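Following: one structure in structure tokens, then a few remarks.
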Number of protein chains: 2
Amino acid sequence: MKLDRELLKGATETIVLAALDRQPLHGYQLVEHLRTQSEGILALGEGTLYPLLYKLEANGLVRGRWEKSAGERRKRVYSLTRKGHRCLAERSAQWEQLVRGVTLILGGKSYA
Amino acid sequence: MKLDRELLKGATETIVLAALDRQPLHGYQLVEHLRTQSEGILALGEGTLYPLLYKLEANGLVRGRWEKSAGERRKRVYSLTRKGHRCLAERSAQWEQLVRGVTLILGGKSYA
DNA sequence: TGGTGATACCTCGTATAACAAAGTATACGC
DNA sequence: GCGTATACTTTGTTATACGAGGTATCACCA
């Protein structure tokens, strides 16, 4: 089942911040990471992730550093800033609020 | 705490369908219903709800009927169609998938 | 009778976010 | 040297939730 494209809106930032909180990752890695860690449920494309990372960096929530080892392609590795960490806490709390609100409406009832 | 306006995107239809599955409601009532039932977490404005109801009706997911009792204002009461019920099942399942995916990334960790 | 507030509906413009698609470039195996 | 996987970038499209404005009716009360 493919998730509705609108459903994830607003939560994307949160999951990116959460992933980067665990370990620094570069963009392409992040795509794979999110896909596998979410068991394929959250499959963000590069066209979503890269612009998002730029925005997060511009807002001071993540910091990107170019890395280049011998025999490797250059890559930009992102890590969470302190501000990003605080933002993650906030967004994480909001996410839980949302889940709570929706759950209250759905009422634990299964519609399947 | 006010929810980020983007966070709810995509879930709005689901909660409206779920509310109407329990009981027919008219638009204004629906605003109140969602707000109180979700303990104030989901506070949709009329500018969100009315156009959404028109869309749902155009798609055959809900049916609206004008009602007018003596000494009452006219109101349009919406109820779920069979198609709407099926759609609710689908969207409800998608919602649970999303929650599962995000939870896997957040990893049960509390960022507060 | 006239004013206020709650009810109930309607509509437009705006912001923004996620995506698809296309492009560039490098490393590696064969 | 050719294909494939890696890695990053950009653009245009679409959907949606919201704010702010509007109209109208009813109950209440002074």
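The chains referred to below are lettered A, B, ... by the order of the sequence lines, with proteins before strands, and numbering in each begins at 1. These numbers come from a predicted model, not from an experiment.
With respect to B/Ser38, the side chain to side chain contact (heavy atoms under 4.5 Å, CB included) criterion is satisfied by exactly one of B/Ile41, B/Leu34, B/Thr36: B/Ile41.
Hydrophobic clustering of Ile, Leu, Val, Met, Phe, Trp and Tyr side chains at less than 4.5 Å, counting indirect connections, keeps B/Leu53 apart from B/Val77. At a threshold of 4.5 Å between side-chain heavy atoms, the hydrophobic network of Ile, Leu, Val, Met, Phe, Trp and Tyr places A/Leu25 and A/Leu49 in one connected group.
Taken to the nearest 0.5 Å, the CD atom of A/Glu13 stands 14.0 Å off from the CH2 atom of A/Trp95.
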Revision key, fill the gap. Quick tally for nucleotides 4-14 of chain C: nucleotides whose base has a protein heavy atom under 4.0 Å get B, sugar-phosphate-only ones S, the rest -, giving ---BBBBB---
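Using a 4.5 Å cut-off on side-chain heavy atoms (C-beta onward), A/Leu30 and A/Leu20 make contact.
Under the 4.0 Å criterion applied to side-chain N and carboxylate O atoms, A/Glu57 and A/Arg76 are assigned as salt-bridge partners. A salt bridge between B/Glu67 and B/Arg74 is absent, with no side-chain N of the basic residue lying under 4.0 Å from a carboxylate O of the acidic one.
Applying the side chain to side chain donor-acceptor pair (under 3.5 Å) criterion to A/His33, with sequence neighbours excluded, gives no partner residue.
Using a 4.0 Å heavy-atom cutoff across all strands shown, B/Leu52 reaches no nucleic acid atom at all.
Between the P atom of C/dA20 and the CG atom of A/Leu44 lies a distance of 10 Å, rounded to the nearest Å.
For DNA chain D, the span of nucleotides reached by chain A at under 4.0 Å from its heavy atoms goes, 5' to 3', from D/dT6 to D/dT16.
Mapping A/Gly71 and A/Ala43 onto DNA chain C by nearest heavy atom places A/Ala43 closer to the 5' end of the strand. Between A/Glu13 and A/Lys68, the residue anchored closer to the 5' end of DNA chain C is A/Glu13, taking for each the nucleotide with the nearest heavy atom.
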